[in-house]
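Predicted, not measured: the structure shown is a model, and the values here were computed from it. In this chain, residues are counted from 1 in sequence order.
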Amino acid sequence: QLQASGGGLVQAGGSLRLSCAVFGRAISRVQVGWFRQAPGKEREFVAGVSWSGGTFYADSVKGRFTISRDNAKNWVNLQMNNLKPEDTAVYSCAASFGGGRYYSSSAYDTWGQGTQVTVSS
């Protein structure tokens, strides 16, 4: 079970931090990904972290977003800096027990509820 939090409204250039609490399994034993879906668009991969701690990013967020694990809290955080209006979307976290294909939503086994991120220009 996953629970996402931290969304909100921010001006362009601002920052937000999303958190994904993982219940029932240590985050060191799962692959966790963040995806987003804007109105009228398909869901897209944003960032992911593998079992071993390797991190992956969509080209559109590289250099602006940072994904990290908090092993003590069993959370995965997504720090989003220099936000742009095109980052506006519902962001969801997901866990994959088998790992691999971090960019594909079909590789993930369980999803948390989404959290809205709105970036005003």
Search all heavy atoms of [X] against all heavy atoms of [Y] and return the closest pair with its distance.
X   : Y    : result
N81 : Q79  : OD1-NE2, 2.9 Å
I27 : V76  : CG2-CG2, 4.3 Å
T66 : Y57  : CA-OH, 3.4 Å
A4  : Q113 : O-NE2, 2.8 Å
G99 : S96  : N-OG, 2.9 Å
A12 : P85  : CB-CD, 4.1 Å

Would a line drawn from the ring center of W34 to the ring center of F45 be shorter than 6.0 Å?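 Ring centroids of W34 and F45 are no less than 6.0 Å from each other.
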Got a sec: does the CZ of R29 have more than 12 other heavy atoms crowding it under 6.0 Å?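 No, CZ of R29 has 12 or fewer neighbouring heavy atoms, counting only those of other groups under 6.0 Å.
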Does this structure show an ion pair linking K62 with D59, if we count only N-O contacts that are shorter than 4.0 Å?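 Between D59 and K62 there is a salt bridge, with a charged N closer than 4.0 Å to a carboxylate O.
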Could you check whether the rings of Y102 and F56 sit parallel, tilted or perpendicular, using 30° and 60° as the cut-offs?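 The rings of Y102 and F56 lie parallel, inter-plane angle below 30°.
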Stepwise side chain to side chain donor-acceptor pair (under 3.5 Å) test for R101 and S106: CA-CA 9 Å; R101 294 188 298 120; S106 63; 3.1 Å; yes
Quick one: does NZ or CZ of R69 land under 6.0 Å from the six-membered ring centre of W51, within 45 degrees of the ring axis?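 Here R69 fails the 6.0 Å and 45° test against W51.
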T88 side chain near V117 side chain, heavy-atom distance below 4.5 Å: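 No; the side chains remain at least 4.5 Å from each other.
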Below 4.5 Å, heavy atoms only, C-beta onward: do Y91 and Q37 meet side chain to side chain?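 Side-chain contact under 4.5 Å: no.
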The test is side chain to side chain donor-acceptor pair (under 3.5 Å); show your working for E44 and Y103 and say whether it passes. CA-CA 8 Å; E44 64 175 359; Y103 50 86; over 6 Å; no
Take M80 and L18 through the side-chain contact (heavy atoms from CB on, under 4.5 Å) test and state the conclusion after the steps. CA-CA 8 Å; M80 305 186 296; L18 304 183; 3.7 Å; yes
